[in-house]
Amino acid sequence: MDNVRLKITTLQTVDEAGNEDVIELVTDATLENSDGCITVNYDESHITESKGSRTRLKIYKDKMIMTKIGANSSKMEFKENLNLSNLYTTPYGTFDLDFTTVIYKNALDEQGRGEVYVEYRIIFGGAEESYNKLKIDII
């Protein structure tokens, strides 16, 4: 297991006018590399509105599975052109979460350092839609 630093940048389109929210998080994480899968674990912070949550990324060449456990819990799988549904649990209730991965790029080296980039469309509760860009730099 290696200690690494993550720089996570999330850009979310929040309305029809194209206004965007950008969240950037730099945090320490652990990284394990085995059998074609890189597993990264890190703690969320108040910046992401998920303080007290733990996130696990299972990164493969063609997909990434993101599992969040804590105040906000969810599991999302990002694979190009894949449509999935899931439940998103918050302190305010549980919501249906539908998402489609538009772009998935894994540019990690053999040691698990580099960048993962994802663009995806998300629909909360069958109504509210946003377009998101997620860039994860593993240093």
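The first residue of the sequence shown is numbered 1, and numbering continues consecutively from there.
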Mind checking whether Val40 and Thr30 have side chains closer than 4.5 Å, heavy atoms only?
no
Has the side chain of Glu80 got a donor or acceptor atom that lies under 3.5 Å from a matching backbone atom of Tyr104?
yes
Going by heavy atoms in the side chains, are Thr27 and Asp43 under 4.5 Å from each other?
no
Only one of Phe78, Tyr131, Phe99 passes ring pair (Phe, Tyr, Trp, His ring centres under 6.0 Å) with Tyr120; say which it is.
Phe78
Are Leu97 and Leu84 connected in the hydrophobic side-chain network, where two residues link if heavy atoms are under 4.5 Å apart?
yes
Expected output: side-chain Asp98 to main-chain Ile122 donor-acceptor under 3.5 Å:
no
Linking I/L/V/M/F/W/Y whenever their side-chain heavy atoms sit closer than 4.5 Å, directly or via other members, would Ile138 and Met66 fall into one cluster?
yes
To the nearest 0.5 Å, what is the distance between SG on Cys37 and NZ on Lys58?
4.0 Å
Tightest non-hydrogen contact, residues Tyr60 and Gly36, listed as CD2-O, 3.7 Å
Answer yes or no: is there a side-chain heavy-atom contact under 4.5 Å between Tyr117 and Lys133?
yes
Going only through I, L, V, M, F, W and Y residues with side-chain contacts under 4.5 Å, is there a path from Val26 to Leu108?
no
Can a donor-acceptor pair be found, under 3.5 Å and without considering hydrogens, that links the side chain of Thr101 to the backbone of Lys79?
yes
Would you give me the side-chain donor-acceptor pairs under 3.5 Å for residues 109-116, sequence neighbours excluded?
residue	atom	partner	partner atom	Å
Asp109	OD1	Gln111	N	2.9
Asp109	OD1	Gly112	N	3.0
Asp109	OD1	Arg113	N	2.9
Arg113	NH1	Gln111	O	2.6

Quick one: does Arg121's side chain get under 4.5 Å of Val102's, heavy atoms only?
yes
Could you check if a side-chain atom of Glu77 sits within less than 4.5 angstrom of a side-chain atom of Lys63, using non-hydrogen atoms only?
yes
If you define the side chain from C-beta out and look only at heavy atoms, does anything of Leu31 sit under 4.5 Å from Thr39?
no
Stepwise, does the side chain to side chain contact (heavy atoms under 4.5 Å, CB included) test hold for Thr100 with Leu82?
CA-CA 6 Å; Thr100 302; Leu82 183 66; over 6 Å; no
Below 3.5 Å, can you tabulate the donor-acceptor pairs from side chains in residues 2-13 to any protein atom, sequence neighbours excluded?
residue	atom	partner	partner atom	Å
Arg5	NH2	Asp28	OD1	3.0
Gln12	NE2	Ser130	OG	3.4

Using a 4.5 Å cut-off on heavy atoms from C-beta on, say whether the side chain of Met76 contacts that of Thr67.
no
Check Leu134 against Met64 and note the closest heavy-atom contact, atom names and distance.
CD2-CE, 4.1 Å
